2 protein chains.
Amino acid sequence: MATSDRVYLRVVEDLRRQILDGTLGPGAVIPSRAQLTRKYRVGETAARHALRALVSEGLIIGRIGSGHYVREASRLIPLHRWRFLDHATPFATDLQSQGRHVTWDWHSEPATAGSDLARRLGVAASATVTRTHYVFRGDGRPLQLATAYEPLGFAPHAGAERTSLVARMYAHGVKITEVVESLHTREPEPSEREALELPAGVHVLHVERTHWAGDRPVETSDIIVPGDRFRMVYSIPL
Amino acid sequence: MATSDRVYLRVVEDLRRQILDGTLGPGAVIPSRAQLTRKYRVGETAARHALRALVSEGLIIGRIGSGHYVREASRLIPLHRWRFLDHATPFATDLQSQGRHVTWDWHSEPATAGSDLARRLGVAASATVTRTHYVFRGDGRPLQLATAYEPLGFAPHAGAERTSLVARMYAHGVKITEVVESLHTREPEPSEREALELPAGVHVLHVERTHWAGDRPVETSDIIVPGDRFRMVYSIPL
DNA sequence: ACCGCGAAGTTGGGGCCCCAACAGTCATCG
DNA sequence: CGATGACTGTTGGGGCCCCAACTTCGCGGT
């Protein structure tokens, strides 16, 4: 039947219904633990369970010392993959074209590939690659983490013009012929959760992007965005 | 510092480390609540919290009456989006080309569009569309849910050959020029959790796919796959 | 009119207990 | 020898309590 015999689910289902049908709009206050125990005549544990479940569903958030509130139906920002491949920072360009202000900083350093990366880049595990970390911010919040790996020699000269990867590679005589993105969802790692200021229960979208020149991978990167804020848009003409 | 002052995190961190570095391999049994309280000298609540956290991270699963076990590092099955667009069921073809056996069943019915769908299909909210539900199975497990919506008139004739959507539309004089996929991650709805037999804490990948003929959408579908089993692969030549 | 302080309410971590449903194991019975 | 049943251990739901850290709000004083 609909109303389960697990007591906390009764509470969850009722609150969820109210949130989804708009009775409790975005920002509305959810009854506190104490109020729930009285209202639904359940124990404190059940009330807790219910709240926790709704939090991990992403429907509400808890503000410690204050209360639980209905999460704003965070509009998912579309990221138009490879619409802006000819820009130095496709991500920032995409968001700027949507009228948002995006800033970022990055730093590069040499690193040894390791087995995983060696496979992706087609180099020896002991090879040295250039690793570049990016952090993108907008509206004062962190939006995207990216880590790019390239074999040595293609790194942008200090103070060089900011051009797209494709253009930069071309200048080195490497013609990029294909871009492949492999995308999955997962729980953020602790460092990512911190860097992206993710609330509990939010997953990330993890894109592994590889640029190919013929059958040789020439760049690969890991792109991490909060799953509750973005959607990826892919488009192909037939 | 690394070891937090939240007691249960000490347990989580220690177990997580052991799982990630292989000390506890896939299938290995995690100490029970009682054992954890003794081993880490914490209360039962903290032990519970730790176990629950690891479950929701997807690292372990709990089998009631038996114990908690390290989850096999479920290899993510690649789905090559639009590599098999010229097949009746790209999903099944893709998996079959990877040596898996996939079965599916579906049923069609008329339905009124509603506001959301009306926007996606560019029709009136009161318009009638053909809705087709698909359930794909493989290895005895449900793998994918899909719901396709088309304006009336294009539905396959009963007993007609199974051809791709593109070919079928073409036979109706509609030339599909573009395919757009919008992808995001979210918590599964209860019905999806049941249909896909999803363990707790697993998200789904939700693909909204729309076929365009010029500037007119002619088909749209919602494709739901378990986030812990699949990755989406997109590729474009430059 | 404004500031500061304290009381009350709230979340989240933690403790300890009870119980039902289920899984294994092992001994006993036909 | 095989089936059955009792016993033990485990998870997951639930109850109730204590406490620290934090927010809110109202009262009193300047």
Side-chain angles (χ1 to χ4, degrees), chain A residues 1 3-16 24 27-71 190 193-194 197-202, chain B residues 1 3-16 24 27-71 190 193-194 197-202:
Chain A
M1 47 193 167
T3 55
S4 174
D5 52 345
R6 260 92 120 243
V7 176
Y8 86 95
L9 282 182
R10 242 185 49 221
V11 184
V12 169
E13 279 160 17
D14 193 51
L15 288 175
R16 183 167 35 214
L24 290 170
V29 179
I30 300 290
S32 73
R33 248 156 52 184
Q35 288 171 313
L36 286 180
T37 58
R38 285 197 294 275
K39 189 165 167 197
Y40 293 90
R41 334 223 98 242
V42 296
E44 198 208 319
T45 314
R48 265 172 199 244
H49 263 33
L51 260 354
R52 180 193 281 264
L54 289 169
V55 166
S56 84
E57 272 180 44
L59 284 176
I60 67 178
I61 57 162
R63 267 195 270 281
I64 141 171
S66 172
H68 284 93
Y69 302 85
V70 177
R71 190 99 150 286
R193 162 160 291 139
E194 191 187 3
E197 295 168 17
L198 297 178
V202 172
Chain B
M1 48 193 166
T3 54
S4 173
D5 52 345
R6 261 91 118 240
V7 176
Y8 86 96
L9 283 181
R10 243 185 48 221
V11 184
V12 170
E13 279 160 16
D14 192 51
L15 289 174
R16 182 166 37 213
L24 291 169
V29 47
I30 301 289
S32 73
R33 248 155 51 185
Q35 289 171 314
L36 286 180
T37 57
R38 287 197 294 275
K39 191 165 165 197
Y40 293 90
R41 332 226 99 242
V42 296
E44 199 208 320
T45 314
R48 265 173 199 244
H49 263 33
L51 260 354
R52 181 192 281 263
L54 289 169
V55 165
S56 83
E57 271 181 46
L59 284 175
I60 66 177
I61 57 163
R63 266 194 271 281
I64 147 172
S66 171
H68 283 93
Y69 302 84
V70 177
R71 189 103 151 282
R193 164 161 288 139
E194 191 187 3
E197 295 169 16
L198 297 178
V202 171

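Labels below follow one simple rule: chain letters A, B, ... track the order of the sequence lines, proteins then strands, and each chain is numbered from 1. All of these numbers come straight from a predicted model, not from anything done at the bench.
A/T37 and A/A47 get closest at one heavy-atom pair: CG2-CB, 4.0 Å. Here the shortest heavy-atom pairing between B/K39 and B/P31 reads NZ-CG, 4.5 Å. The two residues A/S32 and A/Q35 make their nearest non-hydrogen contact at N-OE1, 2.9 Å.
Between D/dT11 and B/H68, a contact under 4.0 Å exists linking OP1 or OP2 to a side-chain N or O.
A straight line from CG of B/L54 to C1' of D/dT11 spans 15 Å, rounded to a whole angstrom.
Both B/R48 and B/Q35 lie near DNA chain D, and the one whose nearest nucleotide falls closer to the 5' end is B/Q35. Mapping A/A46 and B/R33 onto DNA chain D by nearest heavy atom places B/R33 closer to the 5' end of the strand. Between B/V42 and A/V55, the residue anchored closer to the 5' end of DNA chain C is A/V55, taking for each the nucleotide with the nearest heavy atom.
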Name every donor-acceptor pair, under 3.5 Å, that has one atom in a side chain of residues 49-57 of chain B and the other anywhere in the protein, sequence neighbours excluded.
unit_1: B/H49; atom_1: NE2; unit_2: A/R52; atom_2: NH2; d: 3.3
unit_1: B/R52; atom_1: NH2; unit_2: A/H49; atom_2: NE2; d: 3.3
unit_1: B/S56; atom_1: OG; unit_2: B/A53; atom_2: O; d: 3.2
unit_1: B/E57; atom_1: OE1; unit_2: B/R16; atom_2: NH1; d: 2.8
unit_1: B/E57; atom_1: OE2; unit_2: B/R16; atom_2: NH1; d: 2.6

Practice problem: Give the B/S/- string for nucleotides 22-27 of chain D, one per nucleotide from 5' to 3', where a protein heavy atom under 4.0 Å of the base yields B, of only the sugar-phosphate yields S, and otherwise -. | Solution: BBS---
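Looking at heavy-atom distances under 4.0 Å, A/T45 makes contact with a base.
If you walk DNA chain C from 5' to 3' and mark each nucleotide with an atom closer than 4.0 Å to a heavy atom of chain A, the marks span C/dG9 to C/dG14.
Remark: A/I60 CD1 to A/L15 CG distance equals 7.5 Å, nearest 0.5 Å.
Shown here is A/E194, whose CD atom has no more than 12 heavy atoms of other residues, nucleotides or ligands within 6.0 Å.
With hydrogens and angles ignored, the 3.5 Å screen pairs a side-chain donor or acceptor of A/R10 with a backbone N or O of A/Y40.
Using a 4.5 Å heavy-atom threshold, the side chains of A/V29 and A/Y69 count as touching.
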